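In what follows, chains carry the letters A, B, and so on, assigned in the order in which the sequence lines appear, proteins first and then strands, with residues in each chain numbered from 1. Computed from a prediction, not measured in an experiment: that's the story for all the values here.
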There are 2 protein chains.
Amino acid sequence: MSEALLIDGDIASAISTADEPGKNTTFTIGELAKEFGVTLRTLRFYEDKGLINPKRDGQNRLYSRRDRARLKLVLMGKKVGFSLNEICDMLDLYDLRNGQVVQLRVALDKFNQQIDVLKEQRSHIEQAIDELSRTVEVVSGMLKEKEAAEKK
Amino acid sequence: MSEALLIDGDIASAISTADEPGKNTTFTIGELAKEFGVTLRTLRFYEDKGLINPKRDGQNRLYSRRDRARLKLVLMGKKVGFSLNEICDMLDLYDLRNGQVVQLRVALDKFNQQIDVLKEQRSHIEQAIDELSRTVEVVSGMLKEKEAAEKK
DNA sequence: ATGATATCTTACGTTTGCGTAAACGTCCAG
DNA sequence: CTGGACGTTTACGCAAACGTAAGATATCAT
């Protein structure tokens with residue numbers, strides 16, 4: 001595998017990164033929140049939505065490395081424009097390292113679909129930019145006329 | 001003015017288009033809704049938000065050409081990514097045909113700011129596309145490996 | 001013992017842009 | 001007079017992704 005080529009923070013690396021035994025195996029909600037720059041509320045919300053399922057130390061949440069990896073995937077999914085629901089559907093991806101070919105294909109499909117969605121969004125935005133640029137030109141023109149007129 | 005160069009549906013033309021006396025001067029809510037492809041609810045909602053202020057024929061709304069032009073501006077504002085609130089702030093622009101230089105400047109500023117916002121959005125989307133494209137490559141690789149392994 | 005720190009659950013609030021009834025008025029054609 | 005067509009107001013609903021208390025518990029340090 002070309003893991004050396006993968007930038008940290010990459011979806012693919014998050015998928016294919018294995019646990020490193022010997023390191024911290026569990027995290028508190030506060031630790032995770034700080035590490036990823038999210039609020040406690042967010043983590044609890046994700047749990048509510050079934051995205052992460054930490055165990056409990058009494059009442060307190062106890063996150064495993066696996067939970068942490070899933071969180072990473074959630075946040076990256078958001079970064080590329082997936083909704084939490086879509087992410088939820090795909091999240092079994094984390095287990096896809098060991099997973100089945102069929103699931104990989106499904107994931108690949110969704111990724112490609114999302115690429116199309118993003119390209120469409122980009123196109124709309126570019127149209128808007130064009131429109132506004134034209135407007136700026138015209139309004140600039142009006143402005144100059146007015147200014148000229150006021151000098152009279 | 002270079003009005004001939006302005007495509008219909010253009011913000012600038014909507015700003016600089018004068019009333020044509022002799023044509024229909026008033027519109028019902030249904031007429032306007034049909035013309036612009038929005039619902040009655042939408043028009044009432046815009047009124048609620050202070051974007052348009054039709055007069056009344058008894059209880060019924062009566063839209064003037066000016067109201068119609070403002071609606072046009074609202075819809076175009078949406079097209080280029082302004083929120084209704086932002087549009088509301090800028091909407092006095094319609095009167096800027098006759099209006100003051102200062103206001104034109106303000107408008108120009110907002111347009112340029114919005115262009116920047118849009119460019120940022122575009123940049124984010126492009127990053128997401130890149131990210132996803134890389135992911136697709138990697139996952140494709142994983143897929144091939146798996147398939148090869150299954151053939152054993 | 002006391003205050004600070006971290007955690008918990010429950011649950012209502014926020015934002016944007018309308019959708020979707022419900023229940024009623026008005027006017028015109030058949 | 002009856003049924004559409006068109007209009008009115010009031011007001012709750014929705015989706016997404018959390019924010020923001022409120023009130024309780026538990027542990028830790030001083």
Side-chain angles (χ1 to χ4, degrees), chain A residues 24 26-64 67-68 70-91 114 117-118 121 124 128, chain B residues 24 26-64 67-68 70-91 114 117-118 121 124 128:
Chain A
N24 258 355
T26 57
F27 311 85
T28 71
I29 191 171
E31 287 169 358
L32 237 57
K34 193 170 293 180
E35 180 177 354
F36 291 100
V38 298
T39 68
L40 307 190
R41 173 70 175 112
T42 298
L43 291 176
R44 296 185 188 120
F45 181 73
Y46 289 168
E47 183 176 352
D48 239 50
K49 289 274 167 176
L51 296 168
I52 314 177
N53 288 308
K55 290 178 182 166
R56 297 303 178 110
D57 168 24
Q59 224 187 4
N60 292 12
R61 290 169 175 80
L62 205 59
Y63 294 84
S64 68
D67 295 324
R68 180 170 167 279
R70 287 175 74 96
L71 173 58
K72 211 170 181 175
L73 281 173
V74 170
L75 297 177
M76 295 192 180
K78 288 196 55 185
K79 247 180 47 184
V80 297
F82 286 113
S83 72
L84 291 185
N85 277 330
E86 290 170 318
I87 292 171
C88 193
D89 292 341
M90 295 185 301
L91 208 52
Q114 180 64 7
V117 169
L118 290 171
Q121 288 181 10
H124 287 152
Chain B
N24 256 354
T26 58
F27 311 85
T28 70
I29 190 169
E31 287 168 359
L32 237 57
K34 193 171 292 180
E35 179 177 354
F36 291 100
V38 298
T39 67
L40 306 189
R41 173 68 174 114
T42 298
L43 291 177
R44 296 185 186 121
F45 181 74
Y46 289 169
E47 184 176 353
D48 237 51
K49 289 276 166 176
L51 297 168
I52 313 175
N53 288 308
K55 290 176 181 167
R56 298 302 179 113
D57 168 23
Q59 224 186 4
N60 292 14
R61 291 169 175 79
L62 206 59
Y63 294 84
S64 67
D67 295 324
R68 179 170 167 278
R70 288 176 73 95
L71 173 59
K72 211 170 182 176
L73 280 173
V74 170
L75 298 177
M76 295 192 182
K78 288 196 54 185
K79 247 180 46 184
V80 298
F82 286 113
S83 72
L84 292 185
N85 277 328
E86 290 171 319
I87 293 171
C88 193
D89 292 340
M90 295 185 301
L91 208 52
Q114 180 65 6
V117 169
L118 289 171
Q121 288 181 9
H124 287 153

[atom1] of [X] versus [atom2] of [N]: gap in Å, rounded?
X: B:L62; N: D:dT8; atom1: CG; atom2: P; value: 10 Å
X: B:L75; N: C:dG17; atom1: CG; atom2: C1'; value: 13 Å
X: B:E31; N: D:dG7; atom1: CD; atom2: C1'; value: 13 Å
X: B:F45; N: D:dT9; atom1: CZ; atom2: C1'; value: 16 Å
X: B:L43; N: C:dG17; atom1: CG; atom2: C1'; value: 13 Å
X: B:I29; N: D:dC6; atom1: CD1; atom2: C1'; value: 10 Å
X: B:Q59; N: C:dA23; atom1: CD; atom2: C1'; value: 13 Å
X: A:R44; N: C:dT7; atom1: CZ; atom2: P; value: 8 Å

Measure from the side chain of [X], starting at C-beta and using heavy atoms only, and say which of [options] lies closest.
X: A:S83; options: D:dG7, D:dA17, C:dG17; answer: D:dA17
X: A:R56; options: D:dT8, D:dA16, C:dT9; answer: C:dT9
X: A:N85; options: C:dC18, C:dC8, D:dA16; answer: D:dA16

**Test applied, side chain to side chain contact (heavy atoms under 4.5 Å, CB included); reference residue, B:R61; option that passes from B:L40, B:T28, B:L43, B:I29** = B:I29
Establish, with yes or no, whether the OP1 or OP2 oxygen of [N] is under 4.0 angstrom from a side-chain nitrogen or oxygen of [X].
X: B:R61; N: D:dG7; value: no
X: B:Y46; N: C:dG17; value: no
X: A:K34; N: C:dA6; value: no

**Asked** Do B:R56 and B:E47 meet the salt-bridge criterion of a basic N to acidic O distance under 4.0 Å?
**Response** yes
**Item:** For B:T42, all residues meeting side-chain hydrogen bond (donor to acceptor under 3.5 Å, both in side chains), sequence neighbours excluded
**Value:**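 Only B:T39 meet the side-chain hydrogen bond (donor to acceptor under 3.5 Å, both in side chains) criterion with B:T42.
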**Request:** Apply side-chain hydrogen bond (donor to acceptor under 3.5 Å, both in side chains) to B:E35 and list each qualifying residue two or more places apart in sequence or on a separate chain.
**Result:**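 Scan of B:E35 (side-chain hydrogen bond (donor to acceptor under 3.5 Å, both in side chains), adjacent residues dropped) gives B:R68.
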**Asked** Between B:Y63 and A:T39, which has a closest nucleotide on DNA chain D that is more 5'?
**Response** B:Y63
**pair B:K79-B:L75: side-chain heavy atoms closer than 4.5 Å** = no
**Message:** For A:N60 and B:R41, find the nucleotide of DNA chain C closest to each by heavy atoms; which residue's nucleotide sits nearer the 5' end?
**Reply:**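 On the 5' side of the pair lies A:N60.
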**Asked** How do B:T42 and A:G30 order along DNA chain C: which one's closest nucleotide is nearer the 5' end?
**Response**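 The 5'-side residue here is A:G30.
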